[in-house]
Amino acid sequence: MSTFLQDHARTHMCGELREADVGETVTLMGWVDTHRDLGRLTFVDLRDRTGVTQLRFDPHHAEEIHDTADELRSEWCIAVVGEVVSRGANKNPDLPTGDVEVLPEKLQVFSRSKTPPFVIEDDPDTTEENRLRHRYLDLRRQPLQEAMLTRSETNGLTRNYLLDNGFVEFETPVLTRSTPEGARDYLVPSRIHPAKFYALPQSPQLFKQLLMISGFDRYFQIVKCFRDEDLRADRQPEFTQIDMEMSFVTPEDVIEVCEGLMASIFEGIHDIDVQPPFERMSYDEAMARFGMDNPDLRFGMEIVDISEAVADSEFRVFSGTVADGGVVRGLRVEGGVDKFSRAEIEELEDFVGVYGAKGLAWVKVKDDDWSGPIANFIAEDERAAIKEQMGAESGDLLMFVAAGTDVVCPALGHLREKLGDQLDLIDDEQFRFCWITDFPMFEEVDGELQPMHHPFTAPHPDDMDRLDGDPLDIRTQAYDLVLNGHEIGGGSIRIHRRDIQSKVFDLLGMSEEEAREKFGFLLDALEYGTPPHGGIAFGMDRLVMILTGADSIRQVIAFPKTTRAADLMAEAPGRVDDDQLEELHLRTVVDEDSD
RNA sequence: GGGGUAGUAGUUCAGAUUGGUCAGAACGCCGGCCUGUCACGCCGGAGGCCGCGGGUUCGAGUCCCGUCUACCCCGCCA
């Protein structure tokens, strides 16, 4: 006996049928979206990833399947064979297929469904936890189906563009060795080598540089990377990069290729022209104007420095901070006088407190009258200077933070973004790219130098001679691509000279032995004719998140992890047998209650 | 590691700063009726250890302590 599928091939998808198909006999397969049983007459909406088609089960038409039709419930997987008929006066204008319906003469139930733990609809009324436990059902929802398709298309557009531009696709090892710099590694024990471990790559950084040394000229890979750090809405322990590297290039060459890639992706996905070349801004400028190196340029409200104007102020918080080498900077909320109550401003004060600000000073400007707790301490000439510098007008609310730049920048930068969101200043139809350049090479953490990007980043050519001076003054040939306030990519020109690489390790307080221990194979390779090279890596998840308008990368990852790095569906991580541990020469030192 | 929000039927929530009719609603589910629905409608029914563990009390969704889980943020993420 033959099966249904042997006898019947699907002829159409559920979102395809139109008036023009009336009269055809079609075979549809999919899931029961909803059923409406009107007694002798039953309607079923059949769904697949392309849409829904209404089925009409009319006992006059195919008596023998009617009983089965009445049993159909949500999420059953079925097939029907039937004629497409016009809905006549009963068309549904809200549905693309609403002009027609299918009159089944055959009905095949492939499999029944339990009552799903949440309704499969665009905006389900349930917790993310519940959805993640049943991700296979969550993924049936239209928004997630679309996100996955957008992700797939982005993959395709990326491959096509890079292959067309002479890039060679590689696969670098997933089992590699730990490089103790940077993020915490995910480790994999070795059965063959007791007490030794592989590490999953935080990025294929060293391998792609080696491929340049091997002469492949242009490398790319769409690749999983792993970092064992705490999660956020835009951070997962495993994430995907569009990784690229090019030989014999300047930053301009890399930037040009990337702009072409972005243009190709945005054209392909949204049919919009993102109009390269993109805006550029130095790191210093971004920090001064927006307080962060990933500024959202879709709205203004820039940060203004009023340190000079208040250096001698009677208000000790301001003058004292300036005297101690700090800064006083502020934001102007246009028309903010009526938009914020004292209690609401206090909430904002708590908000900046998170970033280490001791307080949020504020004044409300009404004509020439300033009100607010600090108003009385601000002298007439200071008011004039502040007003001029901030462009303040009557009705504006001015807010200030006084501290070191390490506090003021993040506090005001995040406050600016919060206000932009709260006051609805952001046009979410807009895609605003910006390159951030001229990053400092090092930052000081607890008195020690650390690389801002990674230790293979080449110094800026103009700063080469500063390698012997103050290393904190050295800028690099690094560049980040920022889109709508998200860092979506970052890269640099790499060091291709062994002597400069040694110098950098030296500045980082790393001995030659240590460097050898950690990056020996790269250092060796650098001694065999290394081409000048550089590259970049894009965060694919973040990019697709922005492309789809999602507000978390979990929405664009098929099987994401929770903020505690767990997969609620697969129940990973999980326990393993003692035998497995023994084989791997491992013993656990904590004995948690079994769960 | 720290801060915040949430956790009561399958799902979303109510149950007021007063501890005692407090086991409730809606949707979903099950059964019945219904031939033009598309949030179908009408009638009936089943469903809960109030996240978990302690404590206070004659008595605890309710008060206290701890703990777990999800989400957001700080730290962390070369």
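Below, chains carry the letters A, B, ... as their sequence lines are ordered, and counting in each starts from 1.
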Undergrad: What distance, rounded to whole Å, do you find between the two C1' atoms, one in rU57(B) and one in rA39(B)?
TA: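 These two C1' atoms come out 48 Å apart once rounded.
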
Undergrad: For nucleotides 35-43 of chain B, give me one character per nucleotide, 5' to 3': B if any protein heavy atom sits under 4.0 Å from the base, S if the only such contacts are to the sugar-phosphate, - if neither.
TA: BBBB-B---

Undergrad: Determine if the base of rG31(B) is syn or anti; take syn to mean the glycosidic torsion is within 90° of 0.
TA: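 Anti conformation for rG31(B).
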
Undergrad: State whether the distance check finds a donor on one side and an acceptor on the other, under 3.5 Å, for side chain R227(A) versus base rC77(B).
TA: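 No pair found.
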
Undergrad: In whole Å, measure the gap between the P atoms of rC22(B) and rG15(B) for me.
TA: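 Between the two P atoms, the distance is 13 Å.
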
Undergrad: Using atom C1' in both nucleotides, what's the gap between rU56(B) and rG66(B) to the nearest angstrom?
TA: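 About 15 Å, rounded to a whole number of Å.
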
Undergrad: Of all the choices, rG31(B), rU12(B), rG10(B), which nucleotide is nearest to the side chain of T126(A) once you look at every atom?
TA: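 In terms of side-chain proximity for T126(A), the closest of rG31(B), rU12(B), rG10(B) is rU12(B).
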
Undergrad: Could you give the NE2-to-P distance, from H66(A) to rC34(B), as a whole number of Å?
TA: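 After rounding, the reported distance stands at 11 Å.
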
Undergrad: Report, one pair per line, the protein and nucleotides 70-72 of chain B atoms (nitrogen or oxygen only) whose separation is under 3.5 Å.
TA:
unit_1	atom_1	unit_2	atom_2	d
rA70(B)	OP1	T562(A)	OG1	3.0
rA70(B)	O4'	E129(A)	OE1	3.1
rC71(B)	OP1	T563(A)	N	3.3
rC71(B)	OP2	T563(A)	N	2.6
rC71(B)	OP2	T563(A)	OG1	2.4
rC71(B)	O3'	R554(A)	NH2	2.9
rC72(B)	OP1	R554(A)	NH1	3.3
rC72(B)	OP1	R554(A)	NH2	2.8
rC72(B)	OP2	R554(A)	NH1	3.4

Undergrad: Can you name the closest pair of heavy atoms from P204(A) and Q241(A) and give their distance?
TA: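 In terms of heavy atoms, the two residues are closest at CD-OE1, 4.1 Å.
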
Undergrad: Over how many whole Å does the gap from Q450(A) atom CD to rG75(B) atom C1' extend?
TA: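 Nearest whole value for this atom pair: 14 Å.
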
Undergrad: When the aromatic ring centroids of F239(A) and F226(A) are compared, is their separation below 6.0 Å?
TA: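 F239(A) vs F226(A): aromatic centres not under 6.0 Å.
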
Undergrad: Write down the distance separating the P atoms in rG32(B) and rC38(B), rounded off to the nearest Å.
TA: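 Approximately 22 Å lies between the P atom of rG32(B) and that of rC38(B).
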
Undergrad: Looking at E128(A) and R554(A), is any side-chain nitrogen of the basic one under 4.0 Å from a carboxylate oxygen of the acidic one?
TA: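 Answer for the salt bridge query: yes.
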
Undergrad: rG61(B): syn or anti, with syn meaning chi within 90° of zero?
TA: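 Syn conformation for rG61(B).
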
Undergrad: What's the CD-P distance between E347(A) and rG4(B), to the nearest Å?
TA: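 One finds 15 Å between P of rG4(B) and CD of E347(A), rounded.
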
Undergrad: Determine whether K358(A) and E349(A) satisfy the following criterion, salt bridge (charged side-chain N to carboxylate O under 4.0 Å, His left out), listing intermediate values before the conclusion.
TA: CA-CA 9 Å; K358(A) 295 254 173 27; E349(A) 183 160 20; over 6 Å; no

Undergrad: For rC71(B), which nucleotide in any strand shown is its Watson-Crick or wobble partner with both distances under 3.5 Å?
TA: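 Here rC71(B) is engaged in a pair, and the nucleotide opposite it is rG4(B).
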
Undergrad: Check the angle between the aromatic planes of H134(A) and Y136(A) and answer parallel, tilted or perpendicular using the 30° and 60° thresholds.
TA: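 Perpendicular, since the angle between the ring planes exceeds 60°.
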
Undergrad: For the P atoms, the ones on rG45(B) and on rG59(B), what distance do you get once it is rounded to whole angstrom?
TA: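 It comes out at 36 Å once rounded to the nearest Å.
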
Undergrad: Roughly how many Å is it from OH in Y186(A) to P in rC77(B), rounded to a whole number?
TA: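 Distance, rounded to whole Å: 15 Å.
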
Undergrad: What integer number of Å spans the C1' atoms of rG54(B) and rC72(B)?
TA: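 Their C1' atoms lie roughly 30 Å apart.
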
Undergrad: rG59(B) pairs with which nucleotide, Watson-Crick or G-U wobble, both distances below 3.5 Å?
TA: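 WC or wobble partner does not exist here.
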
Undergrad: Just wondering, more than 12 heavy atoms not from E448(A) lying within 6.0 Å of its CD?
TA: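 Open.
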
Undergrad: Name the pairing partner of rG19(B), where a pair is Watson-Crick or G-U wobble with both distances under 3.5 Å, or state none.
TA: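 Matched rG19(B) with nothing under the 3.5 Å cut-off.
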
Undergrad: Kindly indicate whether a cation-pi arrangement holds for R416(A) with F299(A), taking the cut-offs as under 6.0 Å to the six-membered ring centre and within 45° of the axis.
TA: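 Judged by the rule, R416(A) and F299(A) form a cation-pi pair.
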
Undergrad: What integer distance in Å separates Y355(A):OH from rG75(B):P?
TA: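 Taking atom P of rG75(B) as the reference, OH of Y355(A) is at 8 Å.
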
Undergrad: Applying a 3.5 Å limit to both distances, which nucleotide forms a Watson-Crick or G-U wobble pair with rC33(B)?
TA: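 Checking every strand shown, rC33(B) finds its partner in rG41(B), with both distances under 3.5 Å.
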
Undergrad: Between D123(A) (CG) and rU12(B) (P), how many Å, whole number?
TA: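 Rounded to whole Å, this separation is 13 Å.
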
Undergrad: Could you tell me how far rC50(B) sits from rA9(B) if I compare only their C1' atoms? Round to whole Å.
TA: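 It comes out at 10 Å once rounded to the nearest Å.
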
Undergrad: What is the distance from CE of M452(A) to C1' of rC77(B), rounded to the nearest Å?
TA: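 One finds 13 Å between C1' of rC77(B) and CE of M452(A), rounded.
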
Undergrad: Rounded to whole Å, how long is the line connecting atom CD of E229(A) with atom P of rG1(B)?
TA: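 Result: 13 Å.
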
Undergrad: Pairs of donor and acceptor atoms involving the side chains of residues 533-542 of chain A, under 3.5 Å and at least two apart or interchain, shall be tabulated with distances.
TA:
unit_1	atom_1	unit_2	atom_2	d
H533(A)	ND1	P531(A)	O	2.8
H533(A)	NE2	Q209(A)	NE2	3.1
D541(A)	OD1	R151(A)	NH1	2.9
D541(A)	OD1	R151(A)	NH2	3.0
D541(A)	OD2	T240(A)	N	2.8
R542(A)	NE	D234(A)	O	3.3
R542(A)	NH1	E487(A)	O	3.0
R542(A)	NH2	D234(A)	O	3.4

Undergrad: How about F351(A) and H414(A): are their ring centroids closer than 6.0 Å?
TA: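 Centroid distance F351(A)-H414(A): not below 6.0 Å, so no.
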
Undergrad: Taking rC27(B) as the reference, what is the distance to rA16(B) when you measure between their P atoms (whole Å, please)?
TA: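 Looking at atom P only, rA16(B) and rC27(B) are 23 Å apart.
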
Undergrad: With a 3.5 angstrom cut-off on both distances, give the Watson-Crick or G-U wobble partner of rA9(B), or none if there isn't one.
TA: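 Across any shown strand, rA9(B) pairs with none.
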
Undergrad: Return the orientation label for the W435(A) and Y479(A) ring planes: parallel under 30°, perpendicular over 60°, tilted otherwise.
TA: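 Rings of W435(A) and Y479(A): perpendicular, over 60°.
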
Undergrad: Got a salt bridge between R141(A) and D122(A), using NZ or NE/NH1/NH2 to carboxylate O under 4.0 Å?
TA: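 Result for this pair is no, no salt bridge flagged.
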
Undergrad: RNA chain B: S74(A) or E443(A), which has the more 5' nearest nucleotide?
TA: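 In this pair, the answer is S74(A).
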
